[in-house]
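The block underneath contains the structure these notes are about, expressed in structure tokens.
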Amino acid sequence: MSVVQNFKSHLSELFAQALRAVAPEAGDTSITIERPKQAAHGDYACNLAMQLAKPMRKPPREIANALIAALPKTDFIEKVEIAGAGFINVFIAPAAKQRVVQGVLQAGAGYGRGHAGRGEKVQVEFVSANPTGPLHIGHGRGAAVGDCLCRLLDASGWHVTREFYYNDAGQQIDNLTRSVQLRCKGLTPESPEWPEDGYRGDYIIDVANAFMAKETVEADDQRYTGNGDANDAEAIRHFAVAYLRREQDLDLRAFGVGFDVFSLESALYTDGKVEETVKKLIASGHTYEQDDALWLRTTDFGDDKDRVMRKREGGYTYFVPDVAYHWDKWKRGFTRVINEQGADHHSTITRVRAGLQALDVGIPQGWPDYVLHQMVTVLKNGEEVKISKRAGSYVTLRDLIDEVGCDATRYFLAARHPDSQLVFDIDLAKAQSNDNPVYYIQYAHARIHAVLGQWGGDRQHLLLADLSPLESDYEKVLLQKMIDFPQVIETAAGDLAPHQIAVYLKDLAGDFHSYYNASRFLVEDERVKLSRLAMIAAVAQVIKNGLALLGVNAPEKM
RNA sequence: GCGCUCGUAGCUCAGCUGGAUAGAGUAUCGGUUUCCGAAGCCGAGGGUCGUGGGUUCGACUCCCGCCGAGCGCACCA
């Protein structure tokens, strides 16, 4: 029996050969191999005959017969059938499917990994919250989706750099500084002197107290000591930024999320990158002066109106450092960049891309990629919790992790298509009931380890198990499900859609639970016993690998 | 008004990039344990895939119109 791990791509190749033999003139027809929904339709299906019916002006079933006759012989195919309007249904030989068990057990944590990325660099920028307050549930979705994307891309053979960008110098930081300073002087938001756009959350008091106590704060990317001088706005600004960055780092760490690089907006100015960008844009001829302001003709690149670069009063608009930042990413050698951000920022996409095109430095159109997640609605006690950052009334990521747990929070936030709005029902998620799909998956994993523990044998023996007894319908389903896993990773990474992993895991866990209830494992017949134990050990491994892609634990007991 | 995203079972959501009879969970109802973990399993009911056209062998999927929801439309970030 030949060793074929990827039936889908292998079949695609075989049908391509058949196509060249039957219809050489249609050699460029794309070949799609799909998994039929019904078992009666085989393990894989090909619709090539129907695609060729029109150009060849022949009935699809006739073409299908010719294709099958021309299909190279191979021992992993058990039989091939024509069905329906002209589908070619392929049935894989049981022995070929059974091999996946050994494949999984041998590869272990590496099972499912692919090489689509060919080791190339990709940068994923996500969260990128400004240090003006704790992370809220919206950032949490960004963190979960972004982190899972990184794990998926890594599993697909990309060399991933995780980056966090923040603004440490703009208007919002000025507001923050003023708010902390007023708190240092003992004023409260109730006082008439409190600015309209000041920050009112209680955490501002903590920052002020720490500053007055001359504490030293250490974030992942910086460290600063307060000097206790309530009149030193510059010191307060540095301290507040470092303090809130540290708080965010603690939350992110509790969420299992880390970064390789932190980038500051202020550095783009001090390094001269903003100036360089402006000069380049002027030199490329896409700017003009009007009403004492400098404009970029973004309408040349698909924007619906031109954008101001330098304001009448002198400063640059925010999108200039944005362009400078992304140009810098390009210069750092990231031919692929993915920005994960909230959909409320979608209007910046056109502008940033237009600015990059206007630079005229060879950046391709449509660079960089974006993954936008829609808003999260929070439900508590059956009512929607309104988010108001300045008033300080909102659900923090820390609250969620404490109440719901890291695993369930990650799963809930990553298990939905990013394009869909997400309703996060806190009472439901923290109920720890069977409503919670993450427990359903983890339970399958724990159950398997309970059985393996009772067996108590050496797991290495399972590698050598004779797998031929695995031919029940339950077992066929599980074998095929595990065979699908590498393909699921590749598709999810290609679509930048981590939720596909969550969906797959739920299905896999369900298939296992059905199998478990219909079967016994610790049976008398040694050959049958070892084959079944090898099978479920492999299932446990795939569940573990899949959960790892979501950053969720796979406990052996719960 | 313009742009982006969404609309699938009572509720929360999938739907493999155009395939065969649209699927899970939950909720409701009915079964299931002297036996490896019942946080489980088996079954039933529940649908005009928002709506009207179009494209073709074939549409939840692609195109156009309309209805509805969210988010954006600054010389704010």
Side-chain angles (χ1 to χ4, degrees), chain A residues 8 32-38 40-41 45 47 50-51 53-54 59-60 83-87 89 130 132 167 170-173 197 265 290-295 303-305 307-319 321-322 342-350 372-375 377 412 415-425 428 432-444 446-455 484 487-488 491-492 494-495 499-500 502-504 506-507 509-510 512-523 532-533 536 557-558:
Chain A
K8 201 167 184 174
T32 57
I33 305 290
E34 58 183 21
R35 298 264 351 268
K37 289 170 189 157
Q38 296 177 58
H41 294 151
N47 63 0
M50 288 182 290
Q51 291 182 328
K54 197 167 191 181
F87 290 100
N89 293 336
N130 284 339
T132 54
N167 180 352
Q171 185 69 38
Q172 295 308 312
I173 300 295
D197 51 0
E265 187 187 21
Q290 185 181 310
D291 303 331
D292 297 325
L294 179 67
W295 295 69
D303 203 353
D304 52 2
K305 56 175 286 193
R307 304 291 166 176
V308 169
M309 292 170 58
R310 193 194 309 118
K311 294 178 272 189
R312 193 177 303 163
E313 43 84 2
Y316 293 115
T317 56
Y318 75 95
F319 107 94
D322 262 5
D344 52 340
H345 292 106
H346 75 81
S347 62
T348 65
I349 297 176
T350 310
L372 301 179
H373 63 261
Q374 294 292 321
M375 301 293 97
T377 311
F412 269 73
R416 299 279 179 264
H417 191 116
D419 280 345
S420 296
Q421 289 179 44
L422 174 63
V423 177
F424 197 110
D425 186 332
L428 187 73
Q432 300 218 347
S433 66
N434 27 354
D435 302 338
N436 213 326
V438 68
Y439 295 134
Y440 182 79
I441 298 165
Q442 289 177 323
Y443 181 52
R447 257 184 158 178
I448 293 171
H449 278 277
V451 175
L452 292 174
Q454 294 214 7
W455 168 57
D484 290 341
Q487 186 69 47
V488 170
T491 304
D495 291 353
H499 75 284
Q500 292 175 9
V503 172
Y504 169 84
K506 225 182 139 187
D507 284 350
F512 166 75
H513 284 306
S514 294
Y515 178 45
Y516 179 93
N517 278 81
S519 326
R520 291 198 57 78
F521 304 97
L522 303 177
V523 292
R532 291 180 183 171
L533 289 172
I536 63 172
K557 283 180 187 165
M558 48 191 296

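So you know, we letter chains A, B, ... as the sequences are listed, proteins then strands, and number each from 1.
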When all nucleic acid strands are considered with a 4.0 Å heavy-atom cut-off, which category describes [X]: base, sugar-phosphate, or nothing?
X: A/Gln442; answer: nothing
X: A/Ala444; answer: nothing
X: A/Ala293; answer: base
X: A/Met309; answer: nothing
X: A/Phe319; answer: nothing
X: A/Lys557; answer: base
X: A/Asn89; answer: base
X: A/Asp291; answer: base

Side chains of [X] and [Y] in contact at under 4.5 Å (non-hydrogen atoms):
X: A/Phe412; Y: A/Asn436; result: yes
X: A/Tyr318; Y: A/Gln171; result: no
X: A/Pro60; Y: A/Phe87; result: no

Shortest non-hydrogen separation from [X] to [Y] and the atoms involved:
X: A/Val523; Y: A/Arg532; result: CG1-NH1, 4.2 Å
X: A/Ala293; Y: A/Val308; result: CB-CG1, 4.3 Å
X: A/Lys311; Y: A/Tyr316; result: CE-O, 3.8 Å
X: A/Gln290; Y: A/Trp295; result: O-NE1, 3.1 Å
X: A/Ile441; Y: A/Lys506; result: CD1-N, 3.9 Å

- Note on the structure: By nearest-nucleotide position on RNA chain B, the 5'-leaning member of A/Lys305 and A/Ala450 is A/Ala450

- More 5' along RNA chain B: A/Gly170 or A/Ala415, using each one's nearest nucleotide? A/Ala415

Considering only [options], which nucleotide approaches the side chain of [X] most closely?
X: A/Phe521; options: B/C36, B/G37, B/A77; value: B/C36
X: A/Tyr516; options: B/G37, B/A20, B/C41; value: B/G37
X: A/Tyr443; options: B/C57, B/G40, B/C71; value: B/G40

- Message: Quiz question: by atom type and distance under 3.5 Å, do the side chains of A/His373 and A/Arg416 form a donor-acceptor pair?
- Response: no

- Message: What does the B/S/- profile of nucleotides 4-12 of chain B look like, 5' to 3', with a 4.0 Å heavy-atom cutoff to protein?
- Response: -SS-----S

Below 4.0 angstrom from OP1 or OP2 of [N], is there any side-chain N or O of [X]?
X: A/Ser514; N: B/C42; value: yes
X: A/Tyr318; N: B/A77; value: no
X: A/Tyr440; N: B/C41; value: yes
X: A/Lys506; N: B/C13; value: no
X: A/Lys37; N: B/A20; value: yes
X: A/Arg447; N: B/A38; value: yes

Length of the line joining [X]:[atom1] and [N]:[atom2], which is rounded to integer Å:
X: A/His41; N: B/C16; atom1: NE2; atom2: P; result: 18 Å
X: A/Tyr439; N: B/G25; atom1: OH; atom2: C1'; result: 16 Å
X: A/Asp322; N: B/C75; atom1: CG; atom2: P; result: 15 Å
X: A/Met50; N: B/C57; atom1: CE; atom2: P; result: 12 Å
X: A/Asp507; N: B/C16; atom1: CG; atom2: P; result: 13 Å
X: A/Asn130; N: B/C76; atom1: CG; atom2: C1'; result: 12 Å
X: A/His513; N: B/G40; atom1: NE2; atom2: C1'; result: 6 Å
X: A/Phe412; N: B/U26; atom1: CZ; atom2: C1'; result: 11 Å

Distance between the [atom1] atoms of [N] and [M], in whole angstroms?
N: B/U55; M: B/C63; atom1: P; answer: 16 Å
N: B/U28; M: B/G72; atom1: C1'; answer: 41 Å
N: B/G15; M: B/C49; atom1: C1'; answer: 11 Å
N: B/C71; M: B/A44; atom1: P; answer: 41 Å
N: B/G31; M: B/U51; atom1: C1'; answer: 41 Å
N: B/A59; M: B/G54; atom1: P; answer: 12 Å
N: B/C66; M: B/A20; atom1: P; answer: 31 Å
N: B/G53; M: B/G10; atom1: C1'; answer: 31 Å

- Task: Give a yes or no on whether a donor-acceptor pair under 3.5 Å exists between the nucleobase atoms of B/G19, that is its base, and the side chain of A/Asn47.
- Result: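 It does, because a donor-acceptor pair links the side chain of A/Asn47 to the base of B/G19 below 3.5 Å.
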
- Query: Between the main-chain N or O of A/Leu533 and the side-chain N or O of A/Trp455, is there a donor-acceptor pair closer than 3.5 Å?
  - Reply: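 No.
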
- Message: Main chain of A/Asn167, side chain of A/Asn130: is a donor-acceptor contact present, judged purely on distance under 3.5 Å?
- Response: yes

- Note on the structure: All stems that RNA chain B takes part in, i.e. 3 or more consecutive Watson-Crick or G-U pairs with distances under 3.5 Å, are B:1-7 with B:67-73, B:10-13 with B:23-26, B:28-32 with B:40-44, B:50-54 with B:62-66

- Syn or anti for B/U17, with syn set at within 90° of 0?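 What B/U17 shows is a syn base, its glycosidic angle lying within 90° of 0.
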
- Item | Centroid distance under 5.5 Å and plane angle under 30°, A/Phe87 vs B/A20 |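 Ring-base stacking flag set for A/Phe87 and B/A20.
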
- Query: What's the verdict on side chain to side chain contact (heavy atoms under 4.5 Å, CB included) for A/Thr317 and A/Arg307, showing C-alpha distance, side-chain angles and the deciding distance?
  - Reply: CA-CA 9 Å; A/Thr317 56; A/Arg307 304 291 166 176; over 6 Å; no

- So, do A/Phe512 and A/Tyr443 have ring centers that fall under 6.0 Å from each other? no

